[in-house]
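A note on names: the letters A, B, ... follow the listed sequences, proteins ahead of strands, and every chain is numbered from 1. This is a predicted model, so every value here is computed, not measured.
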Number of protein chains: 2
Amino acid sequence: MAVTLADVAARAGVSSATVSRVLNGNYPVAGSTRERVQRAVAELDYVVNGQARALAAATSDLVGVLVNDVADPFFGLIASALQAEVGVGAAEPGGKLTVVCNTGGSPEAELTYLTLLERQRAAGVVLTGGAVDSSAHSEAVVARLARLSASGTRIVLCGRPPLTLPGDSGPLTTLAFDNHGGARRLTEHLLSLGHRRIGYVTGPAERSTTGHRLAGHRAALEAHGMGPGTEAGADADQLIVHGGYDRDAGFDATLELLRRDVGVTAIVAANDTVALGVCAALRDRGLSIPGDVSVAGFDDLPFSADASPALTTVRIPLQEAGARAGRLVMGRITPPPGGVATITTELMVRGSTAPPAAARA
Amino acid sequence: MAVTLADVAARAGVSSATVSRVLNGNYPVAGSTRERVQRAVAELDYVVNGQARALAAATSDLVGVLVNDVADPFFGLIASALQAEVGVGAAEPGGKLTVVCNTGGSPEAELTYLTLLERQRAAGVVLTGGAVDSSAHSEAVVARLARLSASGTRIVLCGRPPLTLPGDSGPLTTLAFDNHGGARRLTEHLLSLGHRRIGYVTGPAERSTTGHRLAGHRAALEAHGMGPGTEAGADADQLIVHGGYDRDAGFDATLELLRRDVGVTAIVAANDTVALGVCAALRDRGLSIPGDVSVAGFDDLPFSADASPALTTVRIPLQEAGARAGRLVMGRITPPPGGVATITTELMVRGSTAPPAAARA
DNA sequence: ATGCGGAAAGAAAGCGCTTGCTGTACGCCT
DNA sequence: AGGCGTACAGCAAGCGCTTTCTTTCCGCAT
């Protein structure tokens, strides 16, 4: 059916071994022969069978990237930059295809996709998104990663807590986002504006990112004498609503916060998408931003800068992270010493935060 | 190195053929033998080599999806729904891995990725986004698609103009978005509000979608006696600015429109992302939305409903389209008669459009 | 008893490629 | 002129599976 190496060889009057060598260019072939072969390849419009090649050469043209959901801009940006880095320019050898796997945050799906990628003998796997803090599942994931790693698959963690494989050579290559520092600076910004009653809508409880951001927020409060032991921090729990990483979670959580009537003058959202819901809920209740309540997000997704008012948030250079993860998984750059590189975050102060009404009066 | 079929066979005391049959369940195997094999598989934690299987069985576990850029929510939503449909639940047989290819709208990149997918003998390919109207390139693309199709790769066009392969069995399976109708209804909405000077920011000139939307817009104008031949339509060209599908294009185009000083009371953007830029530019110039100028978009991306004011736009059910494309490319549903299914669009009237100031006065 | 059909398992031939090893022919040295 | 090194090119053995064809073995009817 399809044109094979043998067809090309026959046409060029050489053996298939020679054709293979011309194609891969890793063995001396006389100029005239090479030309003849190349002409035959062109005439027959030959395209190598990647599966046969992979089988014979024990290589793979696939790189997997595990994300919660590509439709979420957070992951979309990472995946896009990764694919651009890993992908090919003009069929350049070494360029890989990017397999996107939506895990929906489910550890089972994560495991399933890891198995599938192992089955395809993927050249590399990038895991993104906060890890799930469930020891049962993370054990299984670690076991799978250990096998993958042992069989030569390069593994990169992006925005996940570092991980060390059992009986292996040091920790996995990791790109860690400075969630703690970013959240801390964000809350400090609100405190410096004069806010004292700051609501906080968390992400999903089981994700590691959620904890890190919340911890940063609390660290800022404590540094200002508003820790849990202090008088000012007495009802700190009342200011926190546990949500999720989607818009509706922000909406609902905000209504809950307002219902509690704890006098918030600012709300920090788990991320920008949540902040969208927070803003929607506030408007729904007739509250102005930042007039009545200031709002801040996290991630600095593309639409945040153009929101009205523009959203104060913490920028994570997601594209840079994706590109870097791509280079790491391709082995184009060497992992940082210790395996962990921290991606710094930057506070973006914009129109959605302002001094509380009381301070302005 | 890795565990192979032979290892499992040896452990179970059977031939590798039997193991293969147990794994694929397409051949009678005695219950006791089956059990023994399954135990061996579990004990050895065997994972089949997908490449070897693909080579022997002439199948593939890969489905490719060509998008402009996954980071763009428009494509992200399609890709996400597609991958969910095509992907696996618990390694269910038949589940495929989704290869995402960012073409950046470049026909060369498109061709390169098609070759790569052919090399991997992909089971299916979904092409999204408006096609590029350049005959030279589209010819090459058509040729590649014809080969892919001939070799059994299922091809689905999603949001692209229908295409018929030379000497083939009818047109390719196509999911066409009703861009024309949507744009027309959108402009009619503005006209019915009383707008007569409606600016229009187009998408990239070479994309087919751009033309379809613009045509719909013009059709609405003509139907209201504002066609190019009429007095009202005399300077129609002045109301149109050619842009692109990104936020900055909308920003720049709007400034240009204002510079022309043609008295627009409403601006229709090529899509929601562009509308974001349009709004930003208007605010930048101190104009209120919709007080001074109404703004409308296209696509109804997730953030549009929560924008402030909420964006009037035309909804394309992108997730539904992606899911349907997934089912088609998997052969789970049969193509519509004639090959072309039209995805209907729906006008979403929201806060960013209102009667012009003059009409309200 | 003999023979026969069918169910289950094995042997082995590929699938299309890569690559170590084996030839072969030429140019050069002594 | 003989021998040897070098530069190419071919042979053939896999890579790990699937699948066709055979074989084996049993139970049953004759």
Side-chain angles (χ1 to χ4, degrees), chain A residues 1-38 40-41 44-62 93-94 116 118-123 151-152, chain B residues 1-38 40-41 44-62 93-94 116 118-123 151-152:
Chain A
M1 186 95 201
V3 179
T4 71
L5 249 203
D7 299 330
V8 177
R11 172 131 194 163
V14 297
S15 74
S16 61
T18 301
V19 177
S20 170
R21 289 181 190 136
V22 169
L23 256 33
N24 295 303
N26 50 9
Y27 200 86
V29 174
S32 64
T33 311
R34 175 192 320 276
E35 258 178 46
R36 209 144 26 93
V37 169
Q38 285 170 336
V41 166
L44 263 39
D45 219 349
Y46 171 72
V47 173
V48 62
N49 183 323
Q51 301 166 329
R53 165 182 286 181
L55 182 57
T59 60
S60 168
D61 286 341
L62 262 34
L116 248 47
E118 178 176 0
R119 177 183 292 184
Q120 296 299 325
R121 304 295 187 263
S151 67
Chain B
M1 186 95 202
V3 179
T4 73
L5 250 204
D7 298 331
V8 177
R11 173 134 195 162
V14 297
S15 74
S16 62
T18 301
V19 178
S20 170
R21 294 200 261 251
V22 169
L23 255 33
N24 295 303
N26 50 9
Y27 200 86
V29 174
S32 63
T33 311
R34 175 191 321 274
E35 259 179 44
R36 209 142 29 90
V37 169
Q38 285 170 335
V41 166
L44 263 40
D45 218 350
Y46 171 73
V47 173
V48 62
N49 183 323
Q51 300 166 330
R53 165 182 285 180
L55 182 57
T59 60
S60 167
D61 287 341
L62 263 34
L116 247 49
E118 179 177 359
R119 177 184 292 185
Q120 297 299 324
R121 303 294 186 264
S151 67

Review point. Does B:Ser151 have any side chain to side chain donor-acceptor pair (under 3.5 Å) partners at least two apart in sequence or in another chain, and if so, which?
Key: none
**Study point:** Over all atoms of both residues, closest heavy-atom pair of B:Val37 and B:Ala12
**Key:** CA-CB, 4.0 Å
Point to revise | For B:Ser20, side chain to side chain donor-acceptor pair (under 3.5 Å) partners two or more places apart | key: B:Asn24
Point to revise | Counterpart residues, side chain to side chain donor-acceptor pair (under 3.5 Å), relative to A:Ser15 (two or more places apart) | key: A:Thr18
Check your understanding: Nearest nucleotide by nearest heavy atom, which residue falls closer to the 5' end of DNA chain C, B:Ala57 or B:Arg36?
Key -> B:Arg36
Exercise for review: Hey, which sits more toward the 5' end of DNA chain C by its nearest nucleotide, A:Ala6 or B:Ser32?
Suggested key: B:Ser32
Practice item. Not counting sequence neighbours, list each pair that qualifies as a salt bridge (charged side-chain N to carboxylate O under 4.0 Å, His left out) and has a residue in residues 45-54 of chain A. Key: A:Asp45-B:Arg144, A:Asp45-B:Arg147
Review point. A:Val41 versus A:Leu23: any side-chain heavy-atom pair under 4.5 Å?
Key: yes
Check your understanding: How would DNA chain C look in dot-bracket form, 5' to 3', counting Watson-Crick and G-U wobble pairs with both distances under 3.5 Å and writing | for bases paired to another strand?
Key -> ||||||||||||||||||||||||||||||
Check your understanding: How would you label the contact of A:Thr4 with the nucleic acid (heavy atoms, under 4.0 Å): base, sugar-phosphate, or nothing?
Key -> sugar-phosphate
Check your understanding: Any salt bridge (charged side-chain N to carboxylate O under 4.0 Å, His left out) pairs touching residues 9-23 of chain B, not counting sequence neighbours?
Key -> B:Arg11-B:Glu43
Practice item. Sequence neighbours left out, what passes side chain to side chain donor-acceptor pair (under 3.5 Å) with B:Asn26? Give chain and number order. Key: none
Review point. Where each residue is assigned the nucleotide of DNA chain D containing its nearest heavy atom, which of B:Asn26 and A:Val29 is assigned the position nearer the 5′ end?
Key: A:Val29
Check your understanding: Side chain of A:Arg119, backbone of B:Val47: donor and acceptor closer than 3.5 Å?
Key -> no
Revision key, fill the gap. Footprint ends on DNA chain D, 5' to 3', for atoms under 4.0 angstrom from a heavy atom of chain A, come out as D:dC8 to D:dG16
**Study point:** Partner set under side-chain contact (heavy atoms from CB on, under 4.5 Å) for B:Asn49, not counting sequence neighbours
**Key:** A:Leu55, A:Arg121, B:Gln51, B:Ala52
Check your understanding: Are any of the side-chain heavy atoms of A:Val19 and A:Val22 separated by less than 4.5 Å?
Key -> no
Would you list the protein and nucleotides 10-12 of chain C atom pairs, both N or O, that sit under 3.5 Å from each other?
{"unit_1": "C:dG10", "atom_1": "OP2", "unit_2": "B:Ser15", "atom_2": "N", "d": "2.8"}
{"unit_1": "C:dG10", "atom_1": "OP2", "unit_2": "B:Ser15", "atom_2": "OG", "d": "3.1"}
{"unit_1": "C:dG10", "atom_1": "OP2", "unit_2": "B:Thr18", "atom_2": "OG1", "d": "2.8"}
{"unit_1": "C:dG10", "atom_1": "N7", "unit_2": "B:Arg21", "atom_2": "NH2", "d": "2.8"}
{"unit_1": "C:dG10", "atom_1": "O6", "unit_2": "B:Arg21", "atom_2": "NH1", "d": "3.4"}
{"unit_1": "C:dG10", "atom_1": "O6", "unit_2": "B:Arg21", "atom_2": "NH2", "d": "3.0"}

Point to revise | Between C:dT18 (P) and A:Leu55 (CG): distance, integer Å | key: 11 Å
